[in-house]
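Okay, structure first, notes after.
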2 protein chains.
Amino acid sequence: MNLTKKAQVTRQHILDTGYRLVLHRGFAAMGLMEILKECGVPKGSFYHYFASKEAFGCALLQQYVDEYIEKLARLLAETGNGRESLMRYWNAWIADPTSSSDSANPVQGWADDCLVVKLAAEVADLSEDMRRVLDAGVQQLLARIAALIDEAREDGSVPDGAPSPALARMLYQMWLGAALLTKLSQNRMPLHQALIATETLLACDQTPPNVPIT
Amino acid sequence: MNLTKKAQVTRQHILDTGYRLVLHRGFAAMGLMEILKECGVPKGSFYHYFASKEAFGCALLQQYVDEYIEKLARLLAETGNGRESLMRYWNAWIADPTSSSDSANPVQGWADDCLVVKLAAEVADLSEDMRRVLDAGVQQLLARIAALIDEAREDGSVPDGAPSPALARMLYQMWLGAALLTKLSQNRMPLHQALIATETLLACDQTPPNVPIT
DNA sequence: ATAGAAATAAACCGGTCGTCTAGTGCCATG
DNA sequence: CATGGCACTAGACGACCGGTTTATTTCTAT
């Protein structure tokens, strides 16, 4: 029992360091030895916990998705009307209000730790399994954002407009693009601009011609 | 002289097949042998034409950027007012009007062949040189789009609104995100939705609070 | 015919993922 | 307390592929 618990800890340790590494190197470029050396786990153990590198990747992504949704729930649990909650989320992309930032850890937001930004393009062609996990996570998130928009509209803090699923996706796309350009240009301006644009879009109450919603 | 020309052809051949492969496998995951086997060039030759894999990557990206700008110029050379030109560009993301599509080559647009979508996240952390090439290309493109918006506003086909550089970037980000989600979900709906959103945004003449530009 | 550049072939070394066998520690049962 | 069994650790090993370098051949121009 205690033993099993310790084993789970080891498995978790592998996943955590894997996350840190994959965030910067990418999935294919990250070797297993790199992870295992860093957390002092022998190779034999790895294949005890995971059937393959791909299976490991799936577990990694699944855990990331789950934790993301949880983190979002915690962020939204604070007080504030619908619009404030929504904007708290987008603001977190730029700077996570719950994480402290000192000189060693410069100001960072969710955009900097986002595996969708880092891996979506790579994984989409690499592994069907990993693609599905990440895609399902994104769909889940989009649904939550859409619901958030609906709530904000119900309490009157956001005006009516485009269908909430369409608007949610549009906003998310914009932030993905902003995070990508920020990575590429090493300049956080796109993120700040996205924040302004988000406010504009939320205020924009003109409904576009019918958008097919999936 | 003829020889030199033939050499250039070989080099070009390597770059072209490299582009096709990197578009699906990614840069790190694509081995040199994969390229060289496909175009029948021996390994030794590769290092005659390119100093390293990274240098090859830079040349690949540089050529991609240059061709992209040219392709854009050709697309915009056709008749139409400013707004029509602009929308022709975004439409091309979904389906390139200049490329024929048959059953073997299903309908494809620029989004499917975009190296920014595929490589930005990977390259940003992998190689400073490659990052710079791609970033410079994006900046060049953004400037062109902003100019296009200005032209459209001058001929009255697009209303005034947010500063054109900010609007251009916002639109581009949205399309990047849409292309990413399309790859991830294997569903082209995000692209179509981006098209609707683009029209809405162009019509939206409310200026957001001052946006610091670049 | 020959000097020298252009192009190629082959060897190199390190790292890849994954397998496999051996060994350790812990728990439950007799 | 012994013993068998299971979860886990340990790391050597294999086959292969990574990018790079060096040596060699091929060709052209003088």
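Model, not experiment: these values are computed from the prediction. Chain identifiers are assigned alphabetically (A, B, ...) following the order of the sequence lines, protein sequences preceding nucleic acid strands; residue numbering begins at 1 within each chain.
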* Mark yes or no for a side-chain to base donor-acceptor pair under 3.5 Å between B:K43 and D:dG19, with no hydrogen or angle criteria applied. => yes
* A:G31 near the nucleic acid: base, sugar-phosphate alone, or nothing, with a heavy-atom cut-off under 4.0 Å? -> sugar-phosphate
* Can you tell me the distance, in whole Å, between the CZ atom of A:R25 and the C1' atom of C:dG15? => 14 Å
* To do: Give the rounded distance in Å between these two atoms: CZ of A:R11 and C1' of D:dC8.
  => 14 Å
* To do: Grab the CD-C1' distance between B:E34 and D:dG19 for me, whole Å please.
  => 14 Å
* **Between P of D:dC8 and CD1 of A:I14, the distance in whole Å** => 11 Å
* Does A:E54 or B:S45 map to a spot on DNA chain C nearer the 5' end, using the closest nucleotide for each? -> B:S45
* Asked: Could you walk me through whether B:R132 and B:E128 pass the salt bridge (Lys or Arg N to Asp or Glu O under 4.0 Å) check?
  -> CA-CA 6 Å; B:R132 268 201 284 261; B:E128 178 67 11; 3.2 Å; yes
* Structure fact -> The residue, A:A51 or A:A29, whose nearest nucleotide of DNA chain C is more 5′ is A:A29
* To do: State whether the number of non-hydrogen atoms from other residues, nucleotides or ligands found under 6.0 Å of A:K37 atom NZ is greater than 12.
  => no
* May I ask you to test the A:R11-A:H48 pair for a side-chain heavy-atom distance under 4.5 Å? => no
* Asked: So, do B:T198 and B:L202 sit near enough that their side-chain heavy atoms are less than 4.5 Å apart?
  -> yes
* Kindly point out which of C:dT16, D:dT9, D:dG19 is positioned nearest to the side chain of B:Y47? => D:dG19
* Structure fact -> Only one of A:W175, A:Y68, A:W93 passes ring pair (Phe, Tyr, Trp, His ring centres under 6.0 Å) with A:W110, and that residue is A:Y68
* Listed nucleotide nearest any side-chain atom of A:Y49, set D:dA10, D:dC8, D:dG18 -> D:dC8
* Structure fact -> Separation of D:dA12 atom C1' from A:L36 atom CG, nearest Å, is 15 Å
* Does B:H48 make a side-chain N or O approach to OP1 or OP2 of C:dA7 shorter than 4.0 Å? -> yes
* To do: Look at A:S52 and C:dC17 and indicate whether a side-chain polar atom (N or O) is within less than 4.0 Å of OP1 or OP2.
  => no
* **Length of the line joining B:F27:CZ and D:dG18:P, which is rounded to integer Å** => 13 Å
* **Length of the line joining B:F46:CZ and D:dG18:C1', which is rounded to integer Å** => 12 Å
* **Nucleotide nearest A:L32 when distance is taken to its side chain, options C:dG18, C:dT8, D:dG19** => C:dG18
* Take the protein atom CZ of B:F50 and the nucleotide atom P of D:dG18, then report the distance between them rounded to whole Å. => 17 Å
